[in-house]
Amino acid sequence: MATMDLMNKALAAAADSDVPLTVDLVHELIEPGEIAEPLGIAEVAELLDISAHTLRYYERCGLIEVARDGLDHRSYDNVAVRRLVFLTRMRLSGMPMRDLQHYVELVDGGEHTVPERLDMLVEHRDTVRRRIRELQLSLVATEYKIATYGGTTGP
């Protein structure tokens, strides 16, 4: 499912019920599930709503290792797709590539890096929350101007 489709599904699920947008709800919506057989680059690009070029770029940057089939085509298994789901969400939230690269190095470094990974993610969460507050203020300013011109504001 494409990134925007996933986001719209998550937002609709939260809006259609009194259930808040939680980690569990988002996990349920974005988890790619078990992939019966490995996917090719075009299928993964469509699934994540990113280009094949971006997937190859992530590979060149060391963010993902992808197996190859007998014809030397990329072959994405569950582990690779799950990592890409995470990477694309972090990029969508504004995490810089250098931070993603460092995070992946830590993950690949083993369990002893969990405290540093946690620190990175807590810092990123705080940055995202600050950006959300800034965007909410921008929305209020936009709605103020809409109302100034006689338009209707609201949801």
Side-chain angles (χ1 to χ4, degrees), residues 1-15 19-143:
M1 185 176 288
T3 302
M4 287 310 296
D5 292 341
L6 290 169
M7 188 63 68
N8 290 336
K9 186 176 176 185
L11 293 173
V19 178
L21 193 56
T22 64
V23 171
D24 292 334
L25 175 63
V26 172
H27 182 270
E28 219 175 275
L29 293 168
I30 67 172
E31 180 60 38
E34 290 301 312
I35 298 170
E37 57 187 57
L39 302 175
I41 194 167
E43 295 165 307
V44 174
E46 183 178 341
L47 176 71
L48 299 177
D49 195 28
I50 58 177
S51 68
H53 173 76
T54 298
L55 291 169
R56 288 188 292 272
Y57 175 69
Y58 284 0
E59 191 177 347
R60 280 192 314 274
C61 289
L63 297 177
I64 185 85
E65 288 184 25
V66 183
R68 300 289 182 135
D69 65 15
L71 299 174
D72 202 33
H73 295 132
R74 287 170 176 84
S75 181
Y76 295 84
D77 62 7
N78 284 322
V79 173
V81 172
R82 274 195 299 277
R83 180 174 276 196
L84 285 164
V85 167
F86 175 76
L87 293 171
T88 57
R89 297 310 173 270
M90 291 301 98
R91 287 295 293 147
L92 183 64
S93 70
M95 183 178 274
M97 282 297 289
R98 70 182 176 283
D99 290 351
L100 267 179
Q101 288 170 315
H102 182 62
Y103 181 85
V104 167
E105 288 171 7
L106 292 172
V107 169
D108 293 344
E111 289 297 313
H112 70 279
T113 66
V114 167
E116 189 174 350
R117 286 185 259 164
L118 176 61
D119 289 344
M120 282 186 74
L121 292 174
V122 167
E123 184 177 330
H124 182 66
R125 179 201 58 200
D126 294 345
T127 299
V128 170
R129 285 180 174 167
R130 184 174 46 255
R131 287 180 50 222
I132 289 170
R133 286 192 307 273
E134 291 168 356
L135 286 170
Q136 287 171 329
L137 182 58
S138 296
L139 177 60
V140 169
T142 302
E143 287 184 338

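Arg68 places a side-chain heavy atom less than 4.5 Å from the side chain of Arg74. Put simply, the side chain of Met97 reaches to within 4.5 Å of the side chain of Tyr57, judged on heavy atoms. Looking at Arg82 and Tyr76, their side chains never come closer than 4.5 Å, going by heavy atoms from C-beta outward.
Between the CD atom in Glu59 and the OG1 atom in Thr54 there is a gap of 12.5 Å [rounded to 0.5 Å]. Going from atom CG of Leu48 over to atom CG of Leu92 covers 11.5 Å, rounded to the nearest 0.5 Å. Met95 CE to Arg125 CZ: the interatomic distance, rounded to the nearest 0.5 Å, is 12.0 Å. In this structure, CG in Leu55 is found 5.0 Å from CD1 in Ile41, a value given to the nearest 0.5 Å. Between atom CG of residue Leu47 and atom CG of residue Leu84 there is a gap of 9.5 Å, rounded to the nearest 0.5 Å.
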Without placing hydrogens or testing angles, list every side-chain donor-acceptor pair under 3.5 Å for residues 128-140, not counting sequence neighbours.
unit_1 : atom_1 : unit_2 : atom_2 : d
Arg130 : NH2    : Thr127 : OG1    : 3.4
Arg131 : NH1    : Ser93  : O      : 2.4
Ser138 : OG     : Glu134 : O      : 3.1

For residues 99-106, which side-chain donor-acceptor pairs fall under 3.5 Å, sequence neighbours excluded?
unit_1 : atom_1 : unit_2 : atom_2 : d
Gln101 : NE2    : Cys61  : O      : 3.3
His102 : NE2    : Glu116 : OE2    : 2.8

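Test Val107, Thr113, Val114 against Glu111 for side chain to side chain contact (heavy atoms under 4.5 Å, CB included) and you get one pass: Val114.
A pairwise comparison of heavy atoms in Ser51 and Ala45 identifies C-CB, 4.0 Å as the closest pair.
Atom CD of Glu123 has 12 or fewer neighbouring heavy atoms from other residues, nucleotides or ligands inside a 6.0 Å radius.
With hydrogens and angles ignored, the 3.5 Å screen pairs a side-chain donor or acceptor of Arg83 with a backbone N or O of Leu63.
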